[in-house]
2 protein chains.
Amino acid sequence: MTLDDVARMSGVSRATASRSLSGNPSVRDATRLRVVAMAEALGYRVNHAAQALASGQTNVLGMVLPSGSLTDDRYRAQFIGAMSQAATQRDKGLMLWMTGLGDRAEPGLDRMVQSGMVDGVFVLSNGADKAWIDRTADREGVPVVLVGSRETQVGRCRVECDDLGGGKMVADHLAELGHRRVATITGPRSRLDSQYRLEGFRSGLAEHDIQLPGSAVVEGGFTHESGLAAMVRLLDYEPSAVFVANDQMAMGAYVALRGAGRSVPRDVSIVGFDDIPTSLSLAPPLTTVRQDVKHMSALAVDLMLRAIDGTAGPDERLISPTTLVERNSTRSLR
Amino acid sequence: MTLDDVARMSGVSRATASRSLSGNPSVRDATRLRVVAMAEALGYRVNHAAQALASGQTNVLGMVLPSGSLTDDRYRAQFIGAMSQAATQRDKGLMLWMTGLGDRAEPGLDRMVQSGMVDGVFVLSNGADKAWIDRTADREGVPVVLVGSRETQVGRCRVECDDLGGGKMVADHLAELGHRRVATITGPRSRLDSQYRLEGFRSGLAEHDIQLPGSAVVEGGFTHESGLAAMVRLLDYEPSAVFVANDQMAMGAYVALRGAGRSVPRDVSIVGFDDIPTSLSLAPPLTTVRQDVKHMSALAVDLMLRAIDGTAGPDERLISPTTLVERNSTRSLR
DNA sequence: CTGAAAGCGCTAACAA
DNA sequence: TTGTTAGCGCTTTCAG
């Protein structure tokens with residue numbers, strides 16, 4: 001069942017059959033319809049390898065997830081399903097590589113990328129892969145799109161969420177509830193998302209004339225454990241509300257608070273960031289800033305497609321909006 | 001940079017260059033070395049599409065994960081990293097499709113499979129996809145390997161873990177600790193893994209002359225919630241130890257027990273199954289039966305490779321051993 | 001709007 | 001052991 005068969009059976013040349021099936025507008029409607037119907041009737045499927053060889057396009061996208069295990073990064077784990085769906089819906093394959101980049105990469109990764117197995121690659125990492133990214137984008141000519149990651153130094157196409165706006169929403173929410181003695185557990189200072197979230201929070205607070213002294217800001221590492229430790233350190237400050245820069249740390253904060261005999265939200269209100277699926281089933285369900293992972297994934301795939309056909313800028317950044325999801329970990333003081 | 005260049009620069013024909021690089025033994029050592037060195041020097045990479053077209057092999061494996069979200073199935077989530085690594089190490093690409101199968105499938109899935117994008121596909125599901133599997137294996141001629149899934153009706157190559165042995169180990173462990181009033185929360189009765197785990201447990205118990213009456217066996221659904229509910233129902237039986245057929249349900253059981261003011265392991269010992277990563281960080285850390293996901297993944301990829309080159313039987317089943325990981329959720333009664 | 005023809009880069013008989 | 005020669009199935013100029 002090749003294109004030749006379809007062509008012969010429809011009484012056209014192979015070229016016309018090809019054009020008809022690829023929707024080339026220079027084919028008379030009647031002809032195209034006939035060919036398409038015949039292809040359908042014969043159960044024809046284009047041969048992927050042949051198409052790729054002839055056209056120079058594989059219709060396969062790669063995705064690199066440097067995280068060792070999906071368990072310690074629930075946030076990133078969400079993307080794999082969303083990205084897979086977004087790609088499949090556009091009829092693109094999604095090749096997955098769970099490996100480090102550069103030195104920490106499996107050697108197979110570069111071999112595959114260099115042999116033209118994919119048209120572009122998504123990178124979902126959080127740092128220190130600049131060299132690899134530059135090399136594959138510039139030297140190999142394989143477009144790279146960063147997703148939800150904040151490589152500070154890399155000027156590449158990327159899609160992120162609105163950290164700044166999210167931080168601000170938290171400030172507004174807390175102010176509205178009447179909190180004035182607030183604190184925050186940030187992500188690593190080195191990361192842009194941490195910085196934006198903090199900045200948004202701080203500026204939002206400022207608008208409500210709420211102070212955020214140095215002792216009310218402690219740095220975490222975006223992990224459950226670091227959230228726990230940070231919250232312990234914050235106990236002395238006795239905040240009535242804490243903005244924790246991601247949900248995983250918020251879960252750690254819950255544990256710390258429970259350990260200290262404090263109740264959420266009676267004694268202290270907690271707001272997270274990300275809205276990972278488990279945040280809903282915590283006790284109490286976590287008020288948090290939602291990142292729309294599906295939306296971000298759709299944006300990422302579309303951006304990639306444009307990068308591949310050259311219609312995207314060299315460093316477009318797409319910001320996906322965030323929303324505040326009010327649940328039961330915050331309480332009004334009024 | 002094509003094979004032609006490498007051939008020309010090494011003073012051999014394209015055929016010889018191809019043979020040299022693919023390790024064909026019919027090439028004189030000196031020649032091969034020369035070609036390989038030249039290829040290396042020139043930074044040559046085989047063109048994947050051309051190779052696939054000419055050889056009829058893509059070196060890409062597909063993987064279908066019907067689960068909606070990786071969050072509600074932590075067990076399966078582990079496989080995606082492990083499978084990715086196993087594939088990459090053997091220089092195979094791994095294409096991921098997170099979609100249902102059959103009616104619930106994205107239409108893109110079948111299009112891609114039918115266009116020969118992959119040499120074979122792994123299915124990580126748990127049921128009701130027999131029609132799809134049969135069709136792609138038999139009609140499309142694309143080998144299918146089931147991983148950690150228990151499609152009861154499907155006679156296909158598969159790799160599973162030793163559920164029977166695992167269940168038995170739990171019985172031995174509990175008996176050794178002096179428990180005699182034991183109970184179990186099983187997985188869905190319809191699933192083979194549930195059946196095997198229960199059967200192993202029951203037969204192990206029998207060897208120690210321990211009874212397992214009907215009231216001590218309650219069926220769960222392999223989810224956190226079902227584990228909680230099942231444990232609640234088991235409270236009346238007042239078991240001193242409960243074998244819960246997977247870790248996620250065990251977590252639910254923890255919650256139920258805590259809610260009922262019972263302590264683990266003081267009042268009741270709990271044993272899980274799977275050893276998902278979080279089981280280690282529960283309070284108390286969960287004693288459980290470990291499935292070696294990495295090992296299973298390696299077995300699966302190797303089995304697939306054999307299925308592709310026709311050296312595997314039509315329904316080989318590989319059983320990966322399980323091990324008991326003793327942690328702190330079980331206590332000795334002696 | 002359609003067809004003829006030239007490859008895309010590689011592998012695999014078949015010869016030598 | 002190596003080279004010659006056909007393709008693999010498709011896309012895409014270039015004519016018509």
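As a basis for the values below, the full set of heavy atoms in this structure was taken, side chains included, without hydrogen atoms, waters or symmetry mates. Each chain gets a letter, A, B and so on, in the order its sequence line appears, and its residues count up from 1.
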Worksheet item: Given C:dT11, is OP1 or OP2 found less than 4.0 Å from the side-chain N or O atoms of B:S18?
Response: yes
Item to complete: Rounded off to whole Å, could you give me the CZ-to-C1' distance for the A:R8 and C:dG3 pair?
Response: 15 Å
Worksheet item: Expressed in angstrom and rounded to an integer, what is the separation of B:Q114 atom CD from D:dG9 atom C1'?
Response: 17 Å
Worksheet item: Should A:S13 be listed as having a side-chain N or O under 4.0 Å from OP1 or OP2 of C:dG3?
Response: yes
Discussion item. With a cut-off of less than 4.0 Å, is there a side-chain N or O of B:T16 near OP1 or OP2 of D:dG3?
Written reply: yes
Worksheet item: Whole-Å distance between D:dC10 C1' and A:D4 CG?
Response: 9 Å
Worksheet, complete the sentence: Atom CG of B:N24 and atom P of D:dT1 are separated, to the nearest Å, by 10 Å
Response to the item:
Testing D:dT12, D:dT4, D:dC10 for proximity to the side chain of A:A15, the answer is D:dT12
Practice prompt. Could you check whether B:T31 gets within reach of a base, just the sugar-phosphate, or nothing at all, counting any heavy atom under 4.0 Å?
Written response: sugar-phosphate
Worksheet entry | Residue met sooner reading DNA chain C from 5', once B:M1 and A:D29 are mapped to nucleotides | A:D29
Worksheet item: For residues B:D119 and B:T58, is any side-chain donor paired with an opposing acceptor at under 3.5 Å?
Response: yes
Discussion item. I need the CG-P distance between B:L53 and C:dG7, as an integer number of Å.
Written reply: 17 Å
Fill in: Length of the CZ-P vector between A:R14 and D:dT13, whole Å
16 Å
Worksheet item: Just how far, in rounded Å, is C1' of D:dC10 from NE2 of A:H48?
Response: 12 Å
Worksheet entry | Nearest-0.5 Å distance that lies between atom CZ in A:R317 and atom CG in A:L303 | 11.5 Å
Response to the item:
Of B:A50 and B:V27, the one whose closest nucleotide on DNA chain D sits nearer the 5' end is B:V27
Item to complete: Any chance you could lay out the salt bridge (charged side-chain N to carboxylate O under 4.0 Å, His left out) test for B:D134 and B:R139, step after step, and finish with the verdict?
Response: CA-CA 7 Å; B:D134 286 345; B:R139 208 152 72 222; over 6 Å; no
Worksheet item: Does a side-chain N or O from A:T2 land closer than 4.0 Å to OP1 or OP2 of D:dG9, or not?
Response: no
Fill in: B:T2/B:R14 under side-chain contact (heavy atoms from CB on, under 4.5 Å): CA gap, chis, key distance, verdict
CA-CA 10 Å; B:T2 73; B:R14 194 175 350 126; over 6 Å; no
Practice prompt. Mark yes or no for a side-chain to base donor-acceptor pair under 3.5 Å between A:R19 and D:dT12, with no hydrogen or angle criteria applied.
Written response: no
Practice prompt. Ignoring backbone atoms, establish whether A:Q51 has a side-chain N or O less than 4.0 Å from OP1 or OP2 of D:dT11.
Written response: yes
Worksheet item: Which whole-number value in Å describes the distance from A:L3 CG to C:dG3 P?
Response: 12 Å
Worksheet item: Is there a donor-acceptor contact under 3.5 Å linking the side chains of B:N24 and B:S26?
Response: yes
